[in-house]
Amino acid sequence: MEPFLLKPACKSSIWGGKNLKKRFHKEYPGDIISESWELSVHPAGLSLASSGPNCGIPLAEIIKEPSVLGAFAASHPAFPLMIKWIDSQLPLSIQVHPDNDYALAHENDMGKTEMWYIIDCEPGAYLYYGFAQAISKEEFVRRIQEDRLLDVINKVPVKKGDVFFIPSRTLHAIGPGILLAEVQQSSNVTYRIYDYGRLDTDGKPRPLHVRQAVDVTNLAPAVDTVPTSVPLTDPQDLLLASCPYFAVVRQQVSTHRQYTGDAGSFHALMCVEGDGQLVNAEGTASIPSGATVFVPSDSRPFTLSGAMTLLDVFVPDPALF
């Protein structure tokens, strides 16, 4: 199967901004888009093929063809990953995602490990990542009740190009003024702990999930995670993160670059910056900033041309973990 562009499922939340519409030209009613689910087979938001013979067909249908997924991806009991653009005009809630065991037992969904790549941010931008110090479960509950949780959370300044790997059970939140790429497990389970007392568009507080958060949150200080090595096709490529569910490699296209299928996994090429073209047997398709190209495992050779920074997302060899 030839590679094709994806049409995302866009979401709007009270914290969303205007960059996904203005900078990445995502289509959605109104000005505010919080998330663009670029590659998703999750029923909460399905992405579609937007070019090629399968144009308009949900990706969830296309990947039913075994040759599309690749051996590593097909070895997972459920489709392993999802990728998004996220734009935060306001801070996201303080939140946590469960691991697989808890999510399957309580939510009929997978857990959620994720990574963030900072595309751009306003001066002074920050995020929250884990705890600054170890605390007990009793202190965690008390600080939530007394509205003092922010005092013990690890607040991290961010800049363009920063990478954060966030295992399940890690407390976290994106701060205001940040545009980022998120690669995550295919899951839609989030436990909201603190939401700054905000009201949703219906004038009511958004629900909190304190009991579940207390069950699953890792209360130890945050620790940076070093990526597991995966083979890279070009010595100039940079491995940003890897885990059993996904690997992410930053690539540069300066004039043109050749690609082909990978027997191990499909690939998703996210255009972080710049623009270019996809050239294959079917013709030429434009790749603007913010676009995502899906490369089936059985793809024939093709070329990307232009000047682009890409995130290459795929499922790594499970033997590495």
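Because the structure is predicted, anything quoted here is derived from the model rather than measured.
Phe4 and Leu81 fall within a single hydrophobic cluster, where Ile, Leu, Val, Met, Phe, Trp and Tyr are joined by side-chain heavy atoms under 4.5 Å apart, directly or via other members. In the hydrophobic cluster analysis, where Ile, Leu, Val, Met, Phe, Trp and Tyr join through side-chain heavy atoms closer than 4.5 angstrom, Ile174 is grouped together with Phe164. Note: the hydrophobic cluster containing Val163 does not contain Val158 (ILVMFWY, side chain heavy atoms under 4.5 Å, direct or indirect links). Side-chain heavy atoms closer than 4.5 Å link hydrophobic residues (I, L, V, M, F, W, Y) into clusters, and following such links, even through other members, never connects Phe246 to Met82. Under the 4.5 Å side-chain heavy-atom criterion for ILVMFWY residues, a single connected hydrophobic cluster contains both Leu90 and Ile178.
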Throw together a table of side-chain donor-acceptor distances under 3.5 angstrom for residues 117-131, partners on residues two or more places apart or in other chains.
from: Asp120; atom 1: OD2; to: Arg23; atom 2: NH1; distance (Å): 2.8
from: Tyr129; atom 1: OH; to: Phe165; atom 2: O; distance (Å): 2.7

Show me, pair by pair, the donor-acceptor contacts under 3.5 angstrom made by side chains of residues 287-296, not counting sequence neighbours?
from: Ser289; atom 1: OG; to: Gly274; atom 2: N; distance (Å): 3.2
from: Ser289; atom 1: OG; to: Gly274; atom 2: O; distance (Å): 2.4
from: Thr292; atom 1: OG1; to: Glu38; atom 2: OE1; distance (Å): 2.9

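Under 3.5 Å, the side chains of Gln212 and His106 contain no donor-acceptor pair of N or O atoms.
Qualifying side chain to side chain donor-acceptor pair (under 3.5 Å) partners for Lys204, counting only residues two or more places apart in sequence or in other chains: none. In this structure Lys160 satisfies the side chain to side chain donor-acceptor pair (under 3.5 Å) test together with Glu273, sequence neighbours excluded.
Under a 4.0 Å N-O distance rule, the pair Arg142/Glu138 does not qualify as a salt bridge.
In this structure, the side chains of Asp234 and Arg257 come closer than 4.5 Å at one or more pairs of heavy atoms. Inter-residue side-chain proximity for Ser297 and Phe72 is flagged as unmet; no heavy-atom pair is nearer than 4.5 Å.
Ring orientation note: the planes of His267 and Phe314 are close to parallel, at an angle under 30° on the 30°/60° scale.
Counting non-hydrogen atoms of neighbouring residues, nucleotides and ligands closer than 6.0 angstrom, the CD atom of Gln236 reaches no more than 12 such neighbours. By the 6.0 Å contact criterion, CD on Glu282 is enclosed, its count of non-hydrogen atoms from other residues, nucleotides or ligands being greater than 12. Counting non-hydrogen atoms of other residues, nucleotides and ligands closer than 6.0 Å to CZ of Arg198 gives a total above 12. Residue-environment remark: NZ (Lys26) exceeds the threshold of 12 foreign heavy atoms within 6.0 Å.
For residues 10-44, every residue pair satisfying the ring pair (Phe, Tyr, Trp, His ring centres under 6.0 Å) rule, not counting sequence neighbours, is listed here: Phe24-Trp85.
Cluster partners of Leu199, using a side-chain heavy-atom cutoff of under 4.5 Å among ILVMFWY residues and allowing indirect links: none.
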